[in-house]
Every structure is written in structure tokens, then in C-alpha cells.
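Below: the structure, in C-alpha cells.
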Amino acid sequence: MKPAPFAYAAPRSVEEVVALLAEHGDQAKLLAGGQSLVPMLNFRLARPEVLIDLNRVPGLDGIRLDGGLLRIGAMTRQSTLERHAEVLARCPLLPAALHFIGHPPIRHRGTVGGSLAHADPAAELPAVLACLGGEVVAQSRRGERVIPAAELFVGLMTTALQPDEVMTEVRMRLPAPGAGWAVLEVARRHGDFALVGVVALLELGGEGAIREARLALFSVGPTPVRARAAEEALAGRRPTAEEFQRAAALVEEALDPDSDLHASAEYRREVGGVLARRALTQALARIPGREAR
Amino acid sequence: MSQRPERMHRVRLRVNGQAREGVVEARKSLADFLREDLDLTGTHLGCEHGVCGACTVWLDGAPVRSCLLLAVQADGAEVMTVEGLAPAGGLHPLQEAFWEHHGLQCGFCTPGILLSAYAFLREHPAPTEGEIREMLAGHLCRCTGYEHIVEAIRAAAEAGAGAVPPGSA
Ligand SMILES: Cc1cc2nc3c(=O)[nH]c(=O)nc-3n(C[C@@H](O)[C@H](O)[C@H](O)COP(=O)(O)OP(=O)(O)OC[C@H]3O[C@@H](n4cnc5c(N)ncnc54)[C@H](O)[C@@H]3O)c2cc1C
Ligand code: FES
Ligand code: FES
């Protein structure tokens, strides 16, 4: 199992990357952590003529908290973000989600930008971006543009990134202090891709009613799915077990997953509802001084 | 200066503390370079897509899958393979624990597990059984049923193997 021959370049600046992309277009592939692309090369599912390695481009990694915004360089390793003390304190759902990705040697190489660009339907990070309401920055010879999460994921392993674009930065809105959260998934073994998963965020208002609930499910369709009907039904309600049960039913109703070798569509829908309910319950329990009643 | 895409590349790196070099096709994995060009056959290849863990080596101080890294990407890097773990003619305490507790049968999975376990023990000097098992989820073993590997890693932790530098007994 060896890749077909290709030419390889390791540019030293974003300008060089963009120039190489402009020159080679869809004959070229960007190489980030290689944890998804190299298996595809080895299986010859991808046969690019040119590989453009991003690993020697300075300034494409790094983590910054900028007011309410978390700014992550596209080449930031998943393991670096997972261990970042300020991220752990301000946005613990992100390290919790990263911990589900493969195993430590995979996360040492795998990048934040690579996972989003690859857009595997079973991947955790696209759902995190959908839940937090994030965006990514893309650069090409034509200039720079910002793509919101809702527009980034357009289909199965397909994003709005064009063949001449490189993602340079990922931005995520930090949850309000005191917001509850949960990341839950069902997989055969730790590190396997999820059969079903959910990322949840829960914010209460002054009177203890739900100000905002957000639920992003993954591995239940070609792209991450925001459970809008359930989110709307929860807004303004008391966070009770009955409300969460109602929300779970709405999640289940809204899902339209496919069957595959790993799980049937019925299984995915039912587990999606159950995980949503558990995630809301867990999120509530994480709000200081709260518990489901 | 712009970098032209090329099919052949010169690679200079340090492996187990020694300067090594070679000329490789861009498509050659670090694993194949170690085995075929540098004759370091302790690194094993099971699946060549990141799942089995047999090819795990250290790159600049952290374990990575050498089947998913191109040799050319390791230019200038510091690599450690299982050959670098043991002192000349002896065994590292982690290897000692695998020997003592029957942590291997055919040994195909062992080099990768050793390199992951060594990194793991440095971060978790007193791991729980659950943590050991989670770490092992990244490594497939067709022989042992894992029980003895868990025991070996627990014993290695008790012996402080994570604190013993590579190449010493
Ligand atoms: C054994 C194993 C288990 C795994 N388990 C999981 C899991 O449970 N959950 C999960 O989410 N993932 C999992 N992964 C995949 C994950 O680790 C990858 O890191 C991720 O999908 C891709 O990131 P990468 O940096 O390795 O990107 P690469 O593999 O280098 O690239 C992936 C794709 O994204 C494109 N790309 C990369 N960076 C950019 C950029 N900056 N701009 C534009 N395009 C870009 C590439 O051209 C390529 O098409 C697993 C991988 C392995 C090998
Ligand atoms: S050969 Fe690299 S993980 Fe299996
Ligand atoms: S000892 Fe044979 S594969 Fe693990």
C-alpha cells in the first residue's frame, strides 16, 4: 500500500502556499497533519500530482484569546489545543471534544484546520464549530475571506473552501462564563470514529430559565446537524427533565441519518435523541449550583 | 525564494542520537525510510493507515505514526525508534517489565506499544488501569489479549520506567 508518485514542496510562507495553489490548482493537495490525507494517498483514494506541505510555514499555528473570541491557527496541533490551560479554563468543551479524536500519536500530528477541511461527518471538531458558532479564514491569490460554520460544511467531506484556498485561522466564540456544556459520543472503542455524537451548550438567564440551548450532532448526516427545533423549544423554558425529554424527541424527529456498515439509520436516530437528553442533563449539572429536577 | 515541487529529496535527520541521511522519493514514508534505507527494522508496519500503532516512533519528543509521515517531512528532525530505547546489549526497564510479565508473544505490535507507553508513563507516572487501557486502544495486538500488556505497563510504572532516559538500563 504505497502512494502513487507525486512532487512535494515545503513552502516557507503563506504567500508561497497561495502561489503554488494558484499554479497547480486541483492537481495539488495541501498536507497538514497527514492523519487523513496520507491514509487516502496510501489507499490511492487521492492521487494529487503535487503535495504542498504546510508544516514549515511559520505563523500558521498558535492560540489566542481575543475578548470573546478564540483564535486558533489552522496548523495548531490537536494535542496542543487539548492541553492549553486558558482554553481548558474558558472553553472546556473543546479539549473534551479533542480527547475523542483517535489516540495521542494521531493528535500530536493532526491539526485543527485539517480536521475542519477534511470535514468527516463523524468528526468532532466540525460539530464543535457548528455549536459554538465559529468561522474560518481562507486565503488565496484573490484575497482573504471569512467563512461562517453554517456555510463551511456543504456536503459529505466537502467544504466551501476552493481548490486555490488555504485555511489560515479558525475562530470560535467562547461560551458565556458559567454556561453548561457536554460532549458525548458512542463509538465501538475509544478513538474510533463516533457512531453518533453530540456537542451541547446551555445558558441560563437571571430567573433560572434557559436563555439559550445549542445542540450540534455529528455522524448523523453528511455534515454536522444543529437541532434547531429542539433549541427553539428549549429557549425560555425551565431546565427540567421533562423539557429535556421533549427536546430529545424533537431531535430524534429532525434527524435523517443514513444506514451504513457501522450502524442503522434507526439506531442513529434513537441514540441521537438519547445522547441529546443526556448532554442537556450533563450540561445543566455543570452550571454552578444547578441540577436537573 | 519559491520552493519548486520535486519528486526526489535529500533528507538529513538524527535517529537515536546519530546523524543519518538519504535521498528519497517524496512518496516514501518515514517508516519505509527507517526500515529500508537505514536498516532499522524494529519499526513495524501493520496497516499503513494509522490504525494499528505498530509503526509508532518519536518525532521531536512525541510519539507519531511513522506510516503517516513522509520521510522528507522528517528532514532536520530528531527521531527515536525502538532501537534507541534499549541500552547497548541490554533492556530498558520498560522492556524489562514486558519480558517479566509476558507482555508480548510474536512481538509484532511491541515496538509501537513500547514507544507509546514510554511517552504515556512520562506524563502519567502512576496511571490507573483505565488510563492504561485507553492508551492501548491506539495499538492492536493479535496475540496477547492485552491482559499481560496492561500488567507490564503497570509494573513498569511502579518501577519508575517513565523517568529512565532512553538508552539506559
Ligand atoms: C487511527 C485514526 C483515528 C482517527 N480518529 C478520529 C476521530 O475519532 N475523530 C476525528 O475527528 N478524526 C479522527 N481521525 C482523523 C484526524 O486525526 C485528522 O487529524 C483530521 O481528520 C485531519 O487533520 P490533519 O491535520 O491530519 O489533515 P490532513 O490529513 O493533512 O488533511 C486533510 C484534508 O484537509 C485539507 N487541509 C488540511 N489543512 C488545510 C488547510 N489549512 N487549508 C485547506 N485545506 C486543508 C487537506 O488538503 C486534506 O484534503 C483519525 C485518524 C486516524 C489515523
Ligand atoms: S502501520 Fe502505521 S499505524 Fe499501522
Ligand atoms: S504480540 Fe503478537 S501482535 Fe502483539
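Keep in mind the model is a prediction, meaning the values are calculated, not measured. The chains referred to below are lettered A, B, ... by the order of the sequence lines, with proteins before strands, and numbering in each begins at 1.
- Atoms CG and NE2, on Leu136(B) and His190(A) in that order, are 12.0 Å from each other to the nearest 0.5 Å.
- Dense packing is recorded around CZ of Arg71(A), with more than 12 heavy atoms of other residues, nucleotides or ligands lying under 6.0 Å away.
- Between Arg7(B) and Phe6(A), the shortest heavy-atom distance links the atoms CG-O, 3.6 Å.
- Contact annotation for Asp32(B): only side-chain heavy atoms (C-beta onward) come within less than 4.5 Å of a heavy atom of chain A.
- For Leu31(A), the part sitting under 4.5 Å from any heavy atom of chain B is the side chain, from C-beta outward, and nothing else.
- Here Arg83(A) pairs with Glu123(B) in a salt bridge; the nearest charged N to carboxylate O distance falls below 4.0 Å.
- Atoms CE and NE2, on Met40(A) and His49(B) in that order, are 12.5 Å from each other to the nearest 0.5 Å.
- Of the atoms belonging to Glu23(A), it is side-chain heavy atoms, and not backbone ones, that fall under 4.5 Å from chain B.
- Neither the backbone nor the side chain of Ala28(A) comes within less than 4.5 Å of any heavy atom in chain B.
- More than 12 heavy-atom neighbours from other residues, nucleotides or ligands sit within 6.0 angstrom of CG on Asp60(B).
- Your options are Ser13(A), Pro39(A), Ser36(A), Ser79(A), and the one with the most heavy-atom pairs under 4.5 Å with chain B is Pro39(A).
- Smallest separation of non-hydrogen atoms from Pro5(B) and His24(A): CG-NE2, 3.7 Å.
- Using a 4.5 Å heavy-atom cut-off against chain B, the contacting residues of residues 42-55 of chain A are Asn42(A), Phe43(A), Arg44(A), Val50(A), Leu51(A), Asp53(A), Asn55(A).
- Counting only heavy atoms from C-beta outward, the side chains of Leu68(B) and Arg109(A) never approach each other to under 4.5 Å.
- Ranked by heavy-atom pairs under 4.5 Å with chain A, the first of Thr56(B), Leu115(B), Val72(B) is Val72(B).
- Counting non-hydrogen atoms of neighbouring residues, nucleotides and ligands closer than 6.0 angstrom, the CD atom of Glu131(B) exceeds 12 such neighbours.
- Of the listed residues (Gly102(A), Ala9(A), Ala7(A)), the greatest number of heavy-atom pairs within a distance under 4.5 Å of chain B belongs to Ala7(A).
- Rounded to the nearest 0.5 angstrom, Phe120(B) CZ and His103(A) NE2 are separated by 14.0 Å.
- The number of heavy-atom neighbours closer than 6.0 Å to CZ of Arg12(A), taken from other residues, nucleotides and ligands shown, is above 12.
- Here the closest heavy-atom approach between residue Glu25(B) and residue Pro5(A) is recorded as OE2-CB, 4.4 Å.
- Of all the listed residues (Pro63(B), Ala26(B), Ser116(B), Gly138(B)), the one sharing the greatest number of non-hydrogen pairs under 4.5 Å with chain A is Pro63(B).
- In plain terms, the two heavy atoms of Arg65(B) and Pro105(A) that are nearest each other are NH1-CG, 3.6 Å.
- With a threshold of 4.5 angstrom between heavy atoms, Arg107(A) does not approach chain B through any atom at all.
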